[in-house]
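Heads up: the structure comes next, in structure tokens.
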Amino acid sequence: MTNRKNFIKTTTLASAAILLSAFKSKADKIDPKKITGKPIVISTWDFGLQANEAAWQVLKDNGRALDSVEAGVKITEADPTNQSVGYGGRPDRDGRVTLDACIMDEFFNIGSVACLEHIMHPISVARLVMEKTPHVMLVGDGALQFALNNGFMKENLLTDESQREWKDWLTESQYNPVINIENHDTIGMLAMDASGNLSGACTTSGLAYKMHGRVGDSPIIGAGLYVDNEIGAATATGIGEEVIRIVGSHLVVELMRQGKSPQKACEEAVLRIVKLINLRKKDLKDYQVGFLALNIKGETGAYSIQKGFNYAKYNADGNKLFDAESFVK
Ligand code: SD4
């Protein structure tokens with residue numbers, strides 16, 4: 001007689017097999033040879049152009065999308081002139097540069113770090129969390145210890161320029177992020193490689209002069225980044241609290257699953273945020289959020305609340321910068 005334990009074991013195995021075959025048969029329907037728009041990489045803001053160059057080096061040699069997004073955003077992380085990502089990032093109100101990053105591949109592998117200090121490449125630590133630990137997210141001291149144990153160097157990430165600006169800010173200590181300026185430098189990058197597989201990466205120092213310990217959307221899988229290899233991928237930039245509220249990148253991917261184009265999906269996610277800002281009786285002019293999306297056909301979309309959001313796209317046509325449409329014209 002089948003006892004309960006065996007029954008559970010058999011039914012669990014059977015459901016796993018059904019799920020796997022459903023997953024496989026759906027994936028089988030997509031013939032990667034028929035995807036014309038690959039390889040492709042897109043990333044947020046104008047410095048995405050430079051990051052795309054590094055990502056493209058990997059993609060053009062038939063490299064993996066995962067390797068391309070890591071290589072791409074590392075360029076931005078190491079750039080001291082970019083004051084919202086990695087080295088040179090604006091500090092929190094205590095003068096500490098704390099970094100958030102996450103990465104996701106075509107197998108739903110995910111890794112993330114938040115509130116990580118002193119490490120130039122949080123994206124690579126996030127990848128290591130994904131590949132070497134049973135966890136998906138490490139934060140603060142734990143993330144730093146993990147990085148140091150794995151050979152990352154402890155560095156001072158606060159540049160003279162960012163320190164000077166922070167000291168100026170301290171004289172008034174007004175916490176009013178200036179849209180498109182103090183919160184406009186996060187890099188979110190999405191790529192599809194020559195095999196038709198998707199990956200994404202997102203990395204930031206977060207909002208300038210945030211409270212110590214504040215974590216935004218960028219390291220939160222589903223909020224700042226989401227990738228579903230059968231559907232597409234999305235990433236976000238702007239005020240992370242608003243993105244988290246609607247689990248934005250996951251929402252964009254789910255809208256694409258329902259048949260929306262990447263453009264329509266980004267627009268609908270932005271409209272959702274606008275609706276909630278109005279519902280909470282906040283002033284829309286204080287908010288900027290932008291979404292960027294890529295589907296498995298290689299189509300892209302981008303939309304933001306305010307004007308000023310742009311993104312870089314590198315495909316067979318070259319590496320170009322595009323202005324996103326916005327809700328406020
Ligand atoms: C955050 N979303 O920490 C990030 C900031 C950002 O472009 O995207 N800036 O909320």
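Just follow the structure's listing: the first ligand is 1, and inside any ligand the first atom is 1. Counting from 1, the numbers follow the sequence of the chain as shown.
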Are any of the N/O atoms on [X], whether in the backbone or the side chain, positioned under 3.5 angstrom from an N/O atom of ligand 1?
X: Arg214; value: yes
X: Ile239; value: no
X: Gly240; value: yes

(request) For atom 2 (N) of ligand 1, state which one of Thr98, Val85, Thr237, Asp217 supplies the nearest heavy atom. (result)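 It is Asp217 that holds the nearest heavy atom.
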(request) Kindly say whether the aromatic ring centers of Phe322 and Tyr311 come within a distance under 6.0 Å. (result)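 Between Tyr311 and Phe322, which both carry aromatic rings, the centre distance is below 6.0 Å.
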Using a strict cut-off of 4.0 Å, indicate which atoms of ligand 1 neighbour a heavy atom of [X].
X: Gly206; result: 3 (O)
X: Thr186; result: 4 (C), 5 (C), 6 (C), 7 (O), 8 (O), 9 (N)
X: Ser218; result: 2 (N), 4 (C)

(message) Please confirm whether Glu241 approaches ligand 1 to less than 4.0 Å, judged on its heavy atoms.
(response)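 Checking ligand 1 against Glu241, which is what was asked, there is no heavy-atom contact under 4.0 Å.
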(message) So Leu225 and Ile220, do their side chains get closer than 4.5 Å, heavy atoms only?
(response)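 Side-chain contact under 4.5 Å: no.
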(request) Say whether, by atom type as modelled, one donor and one acceptor occur between the side chain of Gln288 and the main chain of Ile305 under 3.5 angstrom. (result)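 Yes: the side chain of Gln288 pairs with the backbone of Ile305.
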(request) Determine, for Asp79 against Lys74, whether the closest basic-nitrogen to carboxylate-oxygen distance falls under 4.0 angstrom. (result)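 Here Asp79 does not pair with Lys74 in a salt bridge, since their nearest N and O are not under 4.0 Å apart.
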(request) Using the rule that two of Ile, Leu, Val, Met, Phe, Trp, Tyr join whenever any of their side-chain heavy atoms come within less than 4.5 Å, decide whether Leu294 and Ile231 are in one cluster. (result)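 Yes, Leu294 connects to Ile231 through the hydrophobic network.
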(message) Taking atom CG as the centre, does Asp141 end up with more than 12 heavy-atom neighbours from other residues, nucleotides or ligands that are less than 6.0 angstrom away?
(response)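 Check fails, neighbour count at 12 or below.
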(message) Can you confirm whether more than 12 heavy atoms, excluding those of Glu325, are under 6.0 Å from its CD atom?
(response)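 At most 12 heavy atoms, drawn from other residues, nucleotides or ligands, come within 6.0 Å of this atom.
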(request) With heavy atoms under 4.0 Å as the rule, classify the contact between Glu242 and ligand 1 as side chain, backbone, both or neither. (result)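 Answer for Glu242: neither.
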